[in-house]
Amino acid sequence: MKYRIATIPGDGIGPDVVAIAVKVLEAVAGKSGFELSFTEAPMGGVAIDRFGTPLPQASEETCKGSDAVLLGAMGGPKWDGLAGDKRPEAGLLGIRKALGVYANLRPALMFPQLAGACPLRPDLVAGGLDILIVRELTGGIYFGERGRSADGQSAWDTERYSRMEIERILKVGFEAAMGRAKRLCVVDKANVLESSRLWRETAQAMAPKWPEVELSFLYVDNAAMQLVKNPRQFDVIATSNMFGDILSDEASQITGSIGMLASASIGDSGPGLFEPIHGSAPDIAGQDKANPLATVLSAAMLLRYSLKREAEAKAVEAAVSAALDSGYRCGDIASKSPGEKLVGTKAMGEAVLAAVEGRLE
Ligand code: IPM
Ligand code: MG
């Protein structure tokens with residue numbers, strides 16, 4: 001069996017962390033007896049510099065022709081002055097849309113070894129945290145009509161959702177809940193926004209299909225508060241593109257570090273897109289400092305969702321846990337307690353590689 005993986009290292013620390021995840025995937029393939037071919041697709045700031053566009057057509061084709069796409073990060077201060085549709089981030093939004101990956105799964109999982117890195121009171125997270133954020137990814141205000149008035153003195157962005165878009169993302173939420181603690185919380189702003197009222201209406205209409213799932217609703221402001229007040233109340237959260245963007249950063253921090261959280265973006269068919277939820281951290285790019293674990297865990301999701309290799313996905317996740325057990329910590333997750341070994345990107349990668357090879361012997 002041979003799979004084609006497109007890689008989009010992107011900007012900043014993107015290439016640092018993608019290189020590690022590729023090594024881990026190669027090791028897994030070698031041990032498990034399948035083949036992987038990797039093709040790099042330039043996108044984001046690097047593509048602006050080389051080709052004058054954040055999403056070159058050839059890169060898009062490489063991704064569409066692959067079995068799965070592994071992405072690092074896009075953006076940086078160098079390109080901050082560019083107009084919205086010329087920025088590196090336009091490459092990221094463009095490839096999500098082009099691949100039709102409307103469902104963004106962002107597990108906020110706390111590794112018990114990193115409980116000390118959680119900024120919340122220990123009693124609030126005793127027993128760990130395991131929340132799945134299901135973020136709508138190809139609609140809403142990110143893709144709605146936007147513009148500026150002729151005099152430049154007013155500007156607008158539009159939140160717009162169709163029932164079809166809401167139904168397909170909520171279906172992912174209900175089904176995910178079925179495989180977990182069977183609680184689904186739909187987060188919206190239905191006390192103000194008409195589009196949110198459509199989300200609520202749609203969720204209520206769908207609920208009878210999943211009678212075992214306990215469905216609840218929260219306004220996004222309250223949800224943001226509840227996440228730090230009592231995070232263990234959450235199992236699956238399903239929400240719109242922008243609310244999901246915001247809440248997933250918050251959820252990541254309560255699990256310890258944004259450097260640990262992976263994501264999978266999937267559609268109805270075609271390749272999935274797998275990326276860490278963190279950004280390009282240009283201040284530490286190329287310095288062997290970035291934590292590669294979020295990207296390694298994204299590679300595990302790639303194995304699970306696109307290649308249907310559950311055992312291998314679990315082996316990678318267990319290897320990450322083993323590296324943490326052995327005390328390896330990058331700067332973002334270090335707590336200076338005894339037994340910790342502060343390491344860089346590459347050494348963390350080596351620790352995971354050694355552990356994953358052992359697991360797939
Ligand atoms: C994310 C990021 C992106 C987003 C940015 C870089 C466009 O914040 O993946 O969460 O808002 O979706
Ligand atoms: Mg974000």
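Ligands are counted one by one from 1 in listed order, and the atoms in each one are counted from 1 as well.
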Considering only non-hydrogen protein atoms, determine which one is nearest to atom 10 (O) of ligand 1 and report residue, atom name and distance to 0.1 Å.
D245 OD1, 2.9 Å

Measure the distance from atom 5 (C) of ligand 1 to every protein heavy atom, then report the residue, atom name and distance (to 0.1 Å) of the closest one.
L92 CD2, 4.2 Å

Ligand 1-proximal atoms of [X], by part, heavy-atom distance under 4.0 Å:
{"X": "M242", "result": "neither"}
{"X": "R87", "result": "neither"}
{"X": "R135", "result": "side chain"}

Please report whether ligand 1 has a polar contact with [X], defined as an N or O pair separated by less than 3.5 Å (distance criterion only).
{"X": "D249", "value": "no"}
{"X": "R106", "value": "yes"}
{"X": "Y142", "value": "yes"}

4.0 Å heavy-atom contact, H278 with ligand 1
no

For the atom pair CG (L137) and CZ (F143), what is the distance rounded to the nearest 0.5 Å?
6.5 Å

Give the cluster check for I5 versus M43: same hydrophobic cluster or not, with ILVMFWY residues linked at side-chain heavy-atom distances below 4.5 Å.
no

Under 4.0 Å between a side-chain nitrogen and a carboxylate oxygen: does that hold for [X] and [Y]?
{"X": "K346", "Y": "E350", "value": "no"}
{"X": "K182", "Y": "D235", "value": "no"}
{"X": "R163", "Y": "E201", "value": "yes"}

R96 heavy atoms within 4.0 Å reach ligand 1 at atoms 1 (C), 4 (C), 9 (O), 12 (O)

Identify which protein N/O/S atoms are less than 2.8 Å from the Mg ion (ligand 2).
D245 OD1

Among L302, L25, D67, which one satisfies side chain to side chain contact (heavy atoms under 4.5 Å, CB included) with Y3?
D67

Taking atom types as modelled, is there a side-chain donor on [X] or [Y] under 3.5 Å from an acceptor on the other?
{"X": "E136", "Y": "T239", "result": "no"}
{"X": "T39", "Y": "T62", "result": "no"}
{"X": "D11", "Y": "S280", "result": "no"}

So F274 and Y305, would you call those rings parallel, tilted or perpendicular, with 30° and 60° as cut-offs?
parallel

Does the plane of the ring in W210 sit parallel, tilted or perpendicular to the ring in F174? Use 30° and 60° as the thresholds.
parallel

